[in-house]
Structures are given as C-alpha cells and as structure tokens.
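Let me begin by presenting the structure, written as structure tokens, before commenting on it.
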Amino acid sequence: MIDVTSKEIDKKWQMEWSKRKLFEPKIDESKKKFFITVPIPYPSGSMHLGHMYTWTRADIYARFMRMKGYNVLFPQGFHFTGGPIIGISKKIEQKDEKTLWAFKQQGVSDADLKLFAKDPRLLAEYFTESFKSDFKAIGMSIDWTRTFITSYLNEYYSRFIEWQFNTLRKKGLISEGRHPVVWCTKENTPLGDHDRTEGEGESPQKFTIIKFGCGELIFPAATLRPETVFGVTNIWVNEGAKYVVLTMPGNEQWVVSSDSIKKLENQISGAVYARDIEIKDFVGKTVKNPVDGSNLPILALDSVDSDIGTGVVMSVPMHAPFDFYGIETSGKDMGLTPKKIIDVGNENLIKEAINKYGKTKDGLKAATKYVYKKEFDYGIMNKNAGPLAGMAVKAVDEAVSKFLEEKNAYAEMYELTGKVVCRCGTRGIVKVLDKQWFIRYSDKEWKAKTRRLVKNIKTYPEEVSLQLLNTIEWLEDKAAARHGGLGTALPWDKDWVIEPLSDSTIYMAYYTIANTISSLKPSELTDSALDYIFLGKEGQENRKLEGLRKEFLYWYPLDMRVSAKELLQNHFIFFLFNHAAIFGEEHWPKAIGINGWLTVSGEKLSKSKGATLTIKKGLEKYSADQLRFIAAAGNGMDDVEWDPESINGFNQRISFIEQIIKRVPDLHKKSALLDAYLLSKINDFVSKSTESIENFRYESAVSASLFELTNEIKLYLDLGGANSEVLTICINTFLKLNHPFFPHITEELNGLMQNKELLESSDFPVTKTENKNEILENELKVFTNILEDIKTLIKLIKTPPLKITLSLAKKQKFELYNKIVAEAKKTKNPIEIRRVLRSSDNLLDRLLKNPSKIPDRELDEETEYLLFSELKDQISKTFKTNIEIKKESTEEKAMPGRPAIKIES
RNA sequence: GCAGGGGUAGCGAAGCGGUCAAACGCGUAAGGCUUAGGACCUUAUGGCUUAGGCCUUCGAGGGUUCGAAUCCCUCCUCCUGCACCA
C-alpha cells in the first residue's frame, strides 16, 4: 500500500522534475508560450495555508497548461520594498513580546532572532529562503532561475524601476503637489490603518472655511456645507474653550480654538500662533456676513466642539438641527430670523427631523445626518440663495467656492472623518504634505486607455472586470514616494524612496530577463538599453541586448495573474494602469484570476493567525498533495472554509485507484454495453474537469475528476464490469485529470501503471466524441433506478423473492415518449407540448401531468432491452433470485424508462 | 458613505428559468470486516408515507411566468477594497 501521507513520494518526484528541468522553460518558437504569475510576497514571516491556497491555484493552472502543450513560465520573486521589515527588526531589538512569540511559533531560533535585530536584511533573506523551501515542498512548478528581490539591494531591479519612473515622467504621468495625509505629530510619520490603535478607516475630509470679518480679526467658520452661508443667522463659539489668534498668510488674524492650532499649522503653510484671547469678550459682538455684508451676532453654545474644524461655527438654523436647537435655547431673545434657502418639498423638514430623533446630542446628530442627506439628494437652492438660486444642492459646489473666493472669504482645511489615535498614543491629525510626488492615475486619457485594457482582459470570475472598471472611475492620484523604508530612490529626487505599491506594477516584464541579465553590468542597463529591451526603441541594438529583447518578446505579454481579492482595487489596478501607460498594446496582460480567502473554522488566515498554520506545520502532518487538496475548497471570490477532515475523502479515492490498478491485469471480461457506457460517461468528467480548470473553478474540477469519476468506476465494477482495457483507459484518464492538482501521488500511481512517460510531460485528456452515447447513458440511469426500486419493493414485501419479472414498454410508447422529449427540449410548457403532439394517448396525459417532471432524456427500446439482458445475471446475483426480462410488454404499468416490476414471493 | 461579491441540508459547496429534496465532499447513525481500534465496504441522513408516492424548503417580504433557489423591486445580514499601507 502506498502511504498517502508520505513525504518520500513528494521528494522523489520533486527531484525527478527538477532533474529534468521541466520548470525551467527556454524559448521554443515551435510551442505556444504561457506566462503566469502570482504577486511577489513580502518575506516578513512564514508562509501559511492562506498563501498556499493562492499559489496552489496558480500552480494547478501552470501544470494544466503545460500538459496542454504550452511552454509555461511560472516564476517567483520577492518584495523587499517597504517599511515593515525594518519595523519588525526594530521590534525584535526592543524585545517586543508579541513579535518574539510569533517568530518563535514559526520556529525561528534565538540566534537568528539576534541576527534579525541587527540587520533587517537578514530577516528578509531568512524568510525568502523559508518561502522558497515551502514552495518547493508543496510542489510548486516554479522556475527558480528567474527569482529576484526588489529594492536597492538588487541594483538591476533598481535600474529597472528607475527606468519605469523616468518613462512615466516623460509621459507626463508624474506630478508634484500637495496632499493631505493622516499624521502623527509625535513620530512625524503618516498614520496608516495599521499604525492606529483607534480610528481604522478614518480619512481626511475637506472642509470649506468661510471667513467672517470682525474688525481687524477674522472668524473662520469651517463647514461641509458652504452653500448654507446664505441662511446664516449668527456665529457660534464655545465659551468654555480656549481661543487664540493665528497669523495667516496675507497677515490675516484668525480667531480659532487652541485645539485647532496644530492642524492649521500643519495644513496651511505660514500659519503661526500669535496670542491668546478671551473669547467671552467677543460674545455679543458682531461679524460681517461676506455674502451680503449684514451683521451677525457671535453667540456662545456649549455643543460647539472646539476640537472639530476651527472651533468657530456658522449657524444655519433652518438647515442644521444643532443650530435650530441652539437658537431655541441660547439665542432665544436675540430676535434672529432664520432664513430658509433650500427647498426639498417639505416645509417642516427640520422640525420633523428633530421630533423624530430627539433633542439629545445623539438625536441631533442623527437628525443632522437625515436632513443633510435629504437636502443633498433632493434640495434646490431657493430665491434666498442669491446667485445660487435655482441650482440643485448636488451641483452647487463649484459655484459656491467661486463666489466665496470672489468675496475673499474662502479657504479650506482638512478634518478627519473620526478620531484617530497613533500606536504611540498621540491623537492623529491631518497634515498637508507640500511637496509630494504623485502618479497621476486621475489622468483622463490614461483612464480611458486602462479602461480599454480592462475591457480586453479576461477575468475569473467575470465580476472582477466590473469591479476594476468601477475602480478606474474613482481612482485619484497616488503619492508614489516617501521617506524611509527599503526601496529604490526616485531617480530625479534621491531624497524620496518609491513606495511599495508603485514599484511592483510591471515587474512581470523583469522576469523575462531576470535569468540572463547578469550578462550585463547594472551600469550597462541604461534607460535607452531598457527602452530597447522592453519597448523596441531603435538605436541601442547590440549583441548583448539582442538576447534580452528576444526573451521579452517571446514571453510577454503576461497571460495570467493570480491572487486573492484584497489586491484587486490596489495592486491590480496599478498593475493594469502601468501596463497601459508603458507597454505597447500587444504586451498588455491577458487574464486575471481572483480567489477569496481561506478560512479555518470560520476565521481567515491573516499573518498573525497564520503563524500557527504554517506550511511547515502542515507538512508535519500531511503530504504535499493532501495539503494541495486545499485548492479544491472553492470556486469563485467567496471565502472558502478548509476542513482538514475532508482529506479523508482524498485518501479514500487514491487508495481505491491504487487497488484497482493492482487488480486490472486479472480482469478480462467484456460486456458490450457496460464497457461502452463507461467509455462514454468518462467524457463528461474530462469536459467538466477541463472547463472547470479553465475557469478557475477547482472545486468543480476536483469534484468531477477525483470523486465523480471514481464513483462511476465503482458503479461499473458493481454492475460486473471487468474489462482491463476499459479500466486502463479510465485510470490513465483519472491520473491525468488529477495530476495538476495532486502531482506527486499521481506520478507515483502512474509508475504503478508501468507507464513510461511522466504525467508531467503527458498530454491532458481530451473528450472522445466517438465514444459518446447519450441514449446508453440514459438507459443505464434507467437501470440503476430500477435496481433501487426493486430494492425498496423487496424491503416492503419482507419475504425473499422467488422471481422478478421486468416488463419493458412497447415500442409505440417509446416513440411517443421520444416525441415528448424532442418537444421538451424546446419548451417544457405542457400546453405547448400538447398543442404540438395532439395525441389522445393516456401515456401523454401521464407524462405531462406534472409540468416539472416532463421527460427530456431520449430513450431507446432496443438499447433498454439489450442493457437489461446484458446485466440480467447481475440482478439475479444481487437479489439472489430468477429474473425474466420481457420485451414489448402489454403490461399497462410499463413505461419507457420504467419497466413494470413484478415480484413473486 | 461609495464600489464589488455573498446568504442553499449538521458543515463545506454545486445548481443560476423547467426530473431540485438539492450533485459532490465531509460529518453523523446503523450494519459488515476486525481480537479491538483505525482503514475499508454497505445502507441511511428535511417531513409524512410506503408498490416505485406525496408535502414543505433555497436570508425576509413582494412581483413577473404555465413554471423561480434561479429574473425584477424593497429590506435584513456577512465578506472585500477605499490609497501612501504591504
């Protein structure tokens, strides 16, 4: 018996493939090429089952295409670019317990940890090697001659990235500008989601500042709804808060809450603290409304949050519940006259909202949300709104800022959508980075080009394409560089390092030359040399570059890129954009395959969670193929649950096949119809399996090739089939169909079959239409149904049967039956069928009685009879009794596909 | 909030207008084999029946159709992404 969990078998075949260099393809003009990749992983920890899920999916495709006769390239590099490796190294140095625990879980020794603390590069290299050995151990058919790492640690790669950015810049797709980021003022770094203890997902939101003059001073009110300035009645401040004066560009003196100093200083260059003021002194004074020059009182209101915006708020009671309520309480006796400036077809919107949600803080918040949404969606500016009158609120944005600018009353600032706290404990703010390099993904022409690319790409599953197109719509400029972290410096501004999502967009092209590039010195890899290799720009031809150019032309474009869904709207979209910008249309990628996440007992495998389910640990318990059975867990983008118990099913099928292989030489019985049936039926599994693999539906593929196919062989044997020729065909088909999924064990069984050729070098099975016999398949189904029926009947009778008579329906009945079938293939509407057939036969009534059970499978009287006759002895044996098969029976109950059963006991 | 994808038996997962009580797998139960366990084999696994039958289900509620898990509308709920983070 083969030990299914054996690692020996894994190693044996891995060595065999490697010895024959089956995964190190060379240019071969006689073969069609197929180039497939998975995004480069970041080697900051061990590979876990979640990784394996994705890579196995790619490997299966690679092996499948290889068997289909393609010259397949499946390379794998590693991403060193970014901050975390350095961060982790630091944490180890600081002896952070969580980090140390996670690495010890992964089997890292204390000595190695010491090295990691000293040099982050050693950490990355350690896990690169760890990934590589895991990839090998689970049988990835990767070409390791083309592996590489990114960042300045690889001069060749850095040159490649410099070339990419120079090229983008020449095309006008790089720009310099201002950019708001969430920022920690203590650590002086941007706060990504992962750097926060609170406020994940919160982002900068633009506020308009409207400047209200008060003598020499300005009260800047921050608002999300500048159009309501036409309905402003007063200004709110919070008497309990501290206020200060800031000197702004143009020597303006702004009165703002002290909480907003840092924000404004970080956002508006030139903003400087001038002095403290006592806000109480201003309550009761007036400011000028920039819109019409009218005087508005400054009033105090407790609910004004000095921490949001500037701490100065304009009050628009008819359109803001807080203000409405504020006027009712604090501004009662001021004689203010609220003005309505937006019509939504409901005069009492604001009152109703407040009544509905209540006057508590939360109630007013909800009411605000409600009112804002209604007014934004349906509101029209009315005649009180000056130059905006008649415009939809939705469309008013540009006009209002222009209007305010003309009055010199406009400024802007950013506020967070919610509270953010850095890991260091500091409250996060929005900072506007003045000089930042962007990739201009907002560029209209570029978007159009990328849209065209996406429309021509094949995606699995199909919905991915829609998602990509939608992402193109909202995508904005992306900051492409930062300070610190590993990477490649911007070629024209060496202070900046190109950030990780931007230096990993076109490296698939680099694979094509990664194995031969060392024939050059990095310095020989000039922009014009790269222009020649990748873009075919003339003038740089020389013998050394010729070979690289050839490699690129042979392997590119990329035929398939595989990954999990979380990369879709970031990495993938950039990958597509950059290809559209840099490469000729003939080198645009062809297809994308996206999968969901692997969950284990309902939880997804993240880096921290994955620490306990590493490949290494998996391999202690299971063989590579048993683990690869993971890939059979799902079909589309949904998350899939991996149940280790299901491996039992895999083991069973493998040992079943092994047993059959051992028995085959002794089986020499021929059964005309049964043999023909199996050869016909096997086509179903070949086509289902092929189609499913092609569409990345591995669940379905394995279901067909591993389970349904063996079930069919079982049935064949149970019915007395014993033809070694037929079984040999079946087993060979089984091995080939399953080889992409379970390459090791199938090679082993293939050896047991004494086949000379490795499966890895064999052809993938194709359907043999000449063997297809649908009527026979239908009739066999009839037969197995009858067996079931007899079984239940015998159970009912409770005494052993003496004789069973099976009476087959008359030929005329079959004819009418098949007429119905022919009609049912067009429509199953019983009224229609009846109209066409117009027979008074009561068989018609019976068959059409239940519309959902109208037969649609063709049957044949002769075949039915021959099949039952051929298998007659088998029935006798099963039920230990005599069987009589009657043809052309007058038995009323006998129906086509449903012989009448008579049991004598 | 915006965009995309889901919600089917104890679990995983097919089906995407008509033999659907629901493929396939796991699990569970009974029986066989075995000294025993495991493995393996057989049978069962929505309900009610018991001469090959019927009924009810596919997140909830409506609608279209001779016919809907499948198409349309509303709602509930879960997953993913939303950018300087790999």
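A, B, ... follow the sequence lines: proteins, then strands. Residue 1 opens every chain.
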Select base, sugar-phosphate, or nothing to describe what [X] touches, counting heavy atoms under 4.0 Å on all strands.
X      : result
A:N570 : base
A:T81  : sugar-phosphate
A:L475 : base
A:G83  : sugar-phosphate
A:K714 : sugar-phosphate

For B:rC16, take OP1 and OP2 only and decide whether either is under 4.0 Å from a side-chain N or O of A:R697.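 No, outside the criterion.
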
Partner nucleotide, any strand, of [N] [Watson-Crick/G-U, under 3.5 Å]:
N      : value
B:rU28 : B:rA44
B:rA22 : none
B:rC75 : B:rG59
B:rU50 : none
B:rC82 : B:rG1

Taking the same atom, [atom1], in [N] and in [M], what whole-Å distance lies between them?
N      : M      : atom1 : result
B:rA22 : B:rG46 : P     : 10 Å
B:rU70 : B:rG15 : P     : 15 Å
B:rA68 : B:rG62 : C1'   : 14 Å
B:rU42 : B:rC71 : C1'   : 44 Å

Counting heavy atoms from C-beta on, name the nucleotide in [options] closest to the side chain of [X].
X      : options                : answer
A:Q467 : B:rC41, B:rC84, B:rG4  : B:rG4
A:W474 : B:rC82, B:rA86, B:rA13 : B:rC82
A:Q569 : B:rG81, B:rA86, B:rC84 : B:rG81

Mutual orientation of the aromatic rings belonging to A:F742 and A:F650 [parallel < 30°, tilted 30-60°, perpendicular > 60°]: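 Correct class here is tilted.
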
Angle between ring planes, A:F629 versus A:F707, binned at 30° and 60°: parallel, tilted or perpendicular?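 The arrangement is perpendicular - the two ring planes meet at more than 60°.
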
Do A:N648 and A:R653 have side-chain N/O donor and acceptor atoms under 3.5 Å apart?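 No, no side-chain donor-acceptor contact under 3.5 Å.
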
Review item, nucleotides 52-54 of chain B N/O atoms under 3.5 Å of protein N/O:
residue : atom : partner : partner atom : Å
B:rG52  : O2'  : A:D789  : OD1          : 3.1
B:rG52  : O2'  : A:R898  : NH2          : 3.3
B:rG52  : N1   : A:P899  : O            : 3.2
B:rG52  : N2   : A:D789  : OD2          : 3.2
B:rG52  : N2   : A:P899  : O            : 3.4
B:rG52  : N3   : A:D789  : OD2          : 3.1
B:rG53  : OP1  : A:R898  : NH1          : 3.2
B:rG53  : OP1  : A:R898  : NH2          : 3.1

Within-4.5 Å side-chain heavy-atom neighbours: [X] and [Y]:
X      : Y      : result
A:P204 : A:V182 : yes
A:F131 : A:H51  : yes
A:F868 : A:V782 : yes

Determine yes or no for a side-chain-to-main-chain donor-acceptor pair under 3.5 angstrom, with A:D477 supplying the side chain and A:F438 the backbone.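 Answer holds: no.
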
Decide, yes or no, whether a salt bridge links A:E658 with A:K662 under the criterion of side-chain N to carboxylate O below 4.0 Å.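 Salt bridge flag = yes for A:K662 with A:E658.
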
By nearest heavy atom, map A:R857 and A:K565 onto RNA chain B; which one lands nearer the 5' end?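 Of the two residues, A:R857 wins.
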
Could you say whether A:E463 or A:S700 is positioned toward the 5' end of RNA chain B, judged by the nucleotide with the nearest heavy atom to each?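 It is A:E463, whose closest nucleotide lies nearer the 5' terminus.
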
Assess A:R57 against A:F696: is NZ or CZ under 6.0 Å from the centre of the six-membered ring, and within 45 degrees of the ring's axis?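 The answer is no; the distance or angle limit is not met.
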
Taking all heavy atoms of A:M47 and all of A:W55, pick out the closest pair and write down the distance.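 Minimum heavy-atom separation between A:M47 and A:W55: CE-CE3, 4.4 Å.
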
What does the list of N/O pairs under 3.5 Å between the protein and nucleotides 23-29 of chain B look like, with a distance for each?
residue : atom : partner : partner atom : Å
B:rC24  : O2'  : A:S703  : OG           : 3.3
B:rG25  : OP1  : A:R653  : NH2          : 2.7
B:rG25  : OP1  : A:N711  : ND2          : 3.3
B:rC26  : O2'  : A:D643  : OD2          : 3.2
B:rG27  : OP1  : A:N648  : ND2          : 2.8

